[in-house]
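Residue numbers start from 1 in every chain, and the chains themselves are labelled A, B, ... in the order their sequence lines are given, proteins ahead of strands.
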Number of protein chains: 2
Amino acid sequence: MTYGMTIAALADPTRRLVLEALKAGPLHVGALAQTLPVSRPAVSQHLRVLSDAGLLTVRTEGTRRLYAIDPKGADDLRKYLDSMWDDALAAYTKAAQDKAAGKDRT
Amino acid sequence: MTYGMTIAALADPTRRLVLEALKAGPLHVGALAQTLPVSRPAVSQHLRVLSDAGLLTVRTEGTRRLYAIDPKGADDLRKYLDSMWDDALAAYTKAAQDKAAGKDRT
DNA sequence: ACTTACCGTAAGTCATGGCTTACGGATTCG
DNA sequence: CGAATCCGTAAGCCATGACTTACGGTAAGT
């Protein structure tokens, strides 16, 4: 049930901007905050949420802290979407078949 | 940018319960509300959000309204996750290669 | 050792949204 | 036509969370 935290983390637009900024490669908090429309502490708080959700990895480098996207951070969410919409599609096609078989009135 | 609404819709636990209940097939609002821990108007409001996000389809049947999962409702979100994490993975492997090539200290 | 740079956390403010009760419109049946 | 059922919407309450400023702690440089 960890995909719940993942979705909650991705639900915030500013956090998605953080991920966009990190798409190209790792950045430290200061550089990240300069590209974003919020203050540095706000960025820190968002990085906390994203890290807790397993979407980011951290690496301390001197006085800097480098954040990077965790490549397998969205796996659970993907699985959730797959299972959910697989079942939904199955029910959908089944309903269509039943309708066609039961009373095929044009 | 429509995946933003999709994520926002999926971010609420009650709305995910709605989707779980609709996985097996279409239901009307009353039946849906009985299975959920909130009132019927609350369910209506959630159905509104999910419909606006393109995750549900509606079909009026007499005085009932049947809601069902839209099989292609999560496509945009999937594409977003794919592109995001493809780029992230590319940056990740590239960084690993650069590090290995630049200074391959064991 | 002192100063500087970088960062996380605490405290407080304010907007967002999820829930409830109350109400009104639409459809079906006697 | 009148009664009953089903449902969406309005209004209001309250918790959550995103943001800011202020502060403290750690690492590097002189």
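- Listed for the R16(A) side chain is a donor-acceptor partner under 3.5 Å among the backbone atoms of L10(A).
- One atom, CG of D12(B), and another, P of dT16(D), lie 13 Å apart when rounded to the nearest Å.
- Proximity note for R15(A) (side chain, C-beta onward) versus dT20(D), dA18(D), dT20(C): the nearest is dA18(D).
- Nearest-nucleotide positions on DNA chain D for P41(B) and H46(A) put P41(B) closer to the 5' end.
- Neither OP1 nor OP2 of dT21(D) sits under 4.0 Å from any side-chain N or O of S39(A).
- Atom CG in L27(B) sits roughly 14 Å away from atom P in dC6(D) (whole-Å rounding).
- Positionally, the nearest nucleotide of DNA chain D for R65(B) lies more toward the 5' end than for the other of E61(A) and R65(B).
- One hydrophobic cluster, built from ILVMFWY side chains closer than 4.5 Å, holds both L17(A) and V38(A).
- Listed pair Y67(B) / dG8(D) meets the phosphate criterion, a side-chain N or O lying under 4.0 Å from OP1 or OP2.
- Regarding contacts with the backbone of dT26(D), every side-chain N or O of T63(A) stays at 4.0 angstrom or more from both OP1 and OP2.
- Between the CG atom of L32(A) and the C1' atom of dC6(C) there is a distance of 14 Å, given to the nearest Å.
- Side-chain contact annotation: H46(B) with R15(B), donor-acceptor N/O pair under 3.5 Å present.
- With rounding to whole Å, R16(A) atom CZ is found 14 Å from dA18(D) atom C1'.
- The nearest whole Å value for the distance from the CG atom in L17(B) to the C1' atom in dC19(C) is 15 Å.
- One interatomic measurement links the two molecules: NE2 of H28(A) to P of dG8(C), which rounds to 11 Å at whole-angstrom precision.
- As a whole-Å value, the separation of L50(A) CG from dA18(D) C1' is 13 Å.
- We find that CD of Q34(B) is positioned 14 Å from P of dT5(D), with the value rounded to whole Å.
- Here the side chain of W85(B) pairs a donor or acceptor atom with the backbone of D70(A) at under 3.5 angstrom.
- Not one side-chain nitrogen or oxygen of R64(B) sits closer than 4.0 Å to the OP1 or OP2 atom of dA26(C).
- The phosphate of dC19(C) (OP1 or OP2) has a side-chain N or O of T14(B) nearer than 4.0 angstrom.
- You'll find that the side chain of S44(A) is closest to dC7(C), out of dC7(D), dC19(C), dC7(C).
- Ion pairing between D76(A) and R78(A) fails under the 4.0 Å rule for side-chain N and carboxylate O.
- Residue whose closest nucleotide on DNA chain C sits further toward the 5' end, between L66(A) and Q45(A): L66(A).
- Nucleic acid contact for R48(A): sugar-phosphate only, since backbone atoms but no base atoms lie under 4.0 Å from a heavy atom of the residue.
- Below the 3.5 angstrom threshold, one finds a donor paired with an acceptor across the side chain of R40(A) and the base of dG8(C).
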